[in-house]
Protein chains: 2
Amino acid sequence: MMMQEILGPRDKQVLEAVIIDYIRTGDPVGSRTVAKKYITDVSPATIRNVMADLEELNLLYRPHASAGRVPTSLGWRYYIDSILTINQLAKRDRERIKKAYEGSPKEIQTLLRATSRILSELSKQAAVVLLPKLSQTIFKRIQFVRVNQNQVLTIFIAESGIVQSFLVHIDEDISQDELNKYSRYLSESLKGLSLLEVKKRILKEMEEERILFDRLLRKAIELSKKALQVGLDETDIVIEGQTNLLNYPEFADVQQMKKLLATFEEKTKIIRLLDKCLSSEGVHIILGSEAEFQDVQDMSLISSTYSRGGDILGALGVIGPTRMDYSRIIPLVDYTAKLLSQIFEDE
Amino acid sequence: MMMQEILGPRDKQVLEAVIIDYIRTGDPVGSRTVAKKYITDVSPATIRNVMADLEELNLLYRPHASAGRVPTSLGWRYYIDSILTINQLAKRDRERIKKAYEGSPKEIQTLLRATSRILSELSKQAAVVLLPKLSQTIFKRIQFVRVNQNQVLTIFIAESGIVQSFLVHIDEDISQDELNKYSRYLSESLKGLSLLEVKKRILKEMEEERILFDRLLRKAIELSKKALQVGLDETDIVIEGQTNLLNYPEFADVQQMKKLLATFEEKTKIIRLLDKCLSSEGVHIILGSEAEFQDVQDMSLISSTYSRGGDILGALGVIGPTRMDYSRIIPLVDYTAKLLSQIFEDE
DNA sequence: TTTAGCACTCATCTCGATAGAGTGCTAATA
DNA sequence: TATTAGCACTCTATCGAGATGAGTGCTAAA
């Protein structure tokens, strides 16, 4: 972006002042306010001139003629990329996050739920955590447990310790002993592959060598094929603290509120959004006004990834109004993601 | 209640008319409306007299002097108990419910989720489904699956086909073969007991015969004790369609809306409410104004139980504004509960 | 017992006036 | 040349007065 060269230090100061005040109040901010609270050594008139420039650059705009200025999405983007300095997360917050993890057991589901809870609590906004994609996890072991004559519980255990289970229907009764044999065979022959590869392998084997198979193999493979059908596609997501958002005056309007909640109810959109974040490490910021989820205007997503041994497992983040305190939320998301990764590493 | 004797047929007619119109519109209903739309053979003045009587009996009240009448909680109760005639659920609805179950597999979690979905969809309100209490389920089999050196997945399988699993942490590494032995031993010796009894038994055995135990038994019992600690207390509940309620004008006020959502977020209250319903079969109706969950005024709960072989497994219901169409919702809840029970029976 | 008529109450809607916040422009100033 | 003071202007939000209308209770007549 060229913009850096164009804006002088005063322009930056004013833009920052407008944004900071707007974050605090949510109201358009006028020249008087800026001159009084942020840049006391010049008069409102001077500020006005600067503001007029910023408006021309499409960094600020006015809702109506006699209102103050509000940042545009370009304004937000510029602020985030070129003005905002990110401090370390406050020690108090760091310790609260650590504490949140201490009590809970190291099961993935519980861990991620704890994450979303602490994120939404500290950010006072909605937290989202994307669970590791099943299809990408590395297969370690499979276990079949007979429930009754036509139901078998299938458990996948991943290298990373992630456990996922599904109930599978079968037509023919199979004893637990036999199931154990299947488990052992499959676990050994498929170890180390990703679930996606596992699925491919199974399909291939079934096609090609159909005749050669003994009964045991055929059964085992059929069973795990069924299990994979059930569980592989769905990406899971945990969302918490939506109601935090209702405290923001921008959603005070009932219509807005309904839209907002409807968006959260339809999780696929948010999943798609977070999916993008999965492609690279580090903190991503997506402004609602810029892209994707425009149904709910003036929402933004701050997200990062958590990983284990260099492999990205999933993503986590905070969704809130575009006017949120980035200087607090960015370190929060960043720190949480890193801590969570570390916990996985330690296992 | 004495009330039946006191009210004449015209009183009943008027009360019913007021309630029906109020259900439709949500606005206080005046004498003119009743005379025009429901009881056309008398004049508004007559209706007014009757209404005045009903107001004296505390069955109706006026929000303010020049508004129409609105039913009181006593009025609702009287209407539900003594006036309302419950028809069979419309054939169309019955078929839609049946269809909703057809596709899905017969796993309990999925089944109950499908239930809440179809309930909230047809009622256009919030649906709640209380999952069977773990402590009351009859133990059938236990299975341990080694995840890694300090995690074991424990799976309880109940007589009813309900499957529940938890991750348990252990200090000492145990091989899968050994775990299988434990599973077999415990499954055989504890079969047929309720989980609560299982827990008691385990505690007792550990206390009394500590010295006699061989290593295998001790381990097994320790493990299942740990598993029971994790999973036994939490009662699970599925709530769906809260946002349906936001369409009702009574919650158009932002304050009300927040309260409503906060109530749903804190699930324990709703669990306690449904717990009551578990004590006896059949449809229960709890008016918010009468009791318990007064935080959100003018909400009501219509619930029933689902069971298998005479044992009540759990409860399901619909939460909506008190002003809801009971003549539709009651058969809906009733039918769904019976159908769900039947599905469990068939297994 | 029912009804018509009437006076009365009260919430809600409309409309205009007013206040206030904020701007842009111009001319004066450093 | 950059800054500032002053001023006219625009637009929104708010408040109160008055009109509207729905609904009632009461009284007297049918």
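Note on naming: letters A, B, ... go to the chains in the order of the sequence lines (proteins, then strands), and numbering restarts at 1 for each one.
Scored by the side-chain contact (heavy atoms from CB on, under 4.5 Å) test, Glu16(A) finds Ile20(A), Tyr79(A), Ile83(A) as partners (sequence neighbours excluded). Every residue meeting the salt bridge (Lys or Arg N to Asp or Glu O under 4.0 Å) condition with Asp334(A), not counting sequence neighbours, appears here in chain and number order: Lys338(A). Listed by chain and residue number, Thr243(B) satisfy the side-chain contact (heavy atoms from CB on, under 4.5 Å) test with Glu265(A) (two or more places apart in sequence, or in another chain). Shown here are the side-chain contact (heavy atoms from CB on, under 4.5 Å) partners of Pro28(B), two or more places apart in sequence or in another chain: Pro63(B), Ala67(B), Val70(B). The side-chain contact (heavy atoms from CB on, under 4.5 Å) test applied to Ile23(B) returns Ile19(B), Trp76(B), Asp325(B), not counting sequence neighbours. The salt bridge (Lys or Arg N to Asp or Glu O under 4.0 Å) check on Glu121(B) picks up Arg96(B), with sequence neighbours excluded. A search for side-chain hydrogen bond (donor to acceptor under 3.5 Å, both in side chains) contacts involving Gln13(A) returns nothing, not counting sequence neighbours.
Considering only side-chain atoms of Thr46(A), the nucleotide from dG23(D), dG24(C), dT3(D) that sits closest is dT3(D).
The salt bridge (Lys or Arg N to Asp or Glu O under 4.0 Å) analysis of residues 50-72 of chain A, with sequence neighbours excluded, yields the pairs Glu55(A)-Arg62(A), Glu55(A)-Arg69(A).
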Show the distances under 3.5 angstrom between N or O atoms of the protein and N or O atoms of nucleotides 6-16 of chain C.
from	atom 1	to	atom 2	distance (Å)
dC10(C)	O2	Ser66(B)	OG	3.1

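Using a 4.0 Å cutoff on non-hydrogen atoms, the parts of residues 20-32 of chain A near DNA chain C are Gly30(A), Ser31(A), ordered by number.
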Could you go through residues 30-41 of chain B and list every donor-acceptor pair under 3.5 Å that involves a side-chain atom there, pairing it with any protein atom two or more places apart or in another chain?
from	atom 1	to	atom 2	distance (Å)
Ser31(B)	OG	Arg48(B)	NH1	3.3
Lys37(B)	NZ	Asp21(B)	OD1	3.0
Tyr38(B)	OH	Asp21(B)	OD1	2.6

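Axis angle between the ends of the helix from dT1(C)-dA30(D) to dA30(C)-dT1(D), five pairs each and rounded to 10 degrees, works out to 20°.
Residue Arg69(B) has a polar side-chain atom (N or O) positioned under 4.0 Å from OP1 or OP2 of dG25(D).
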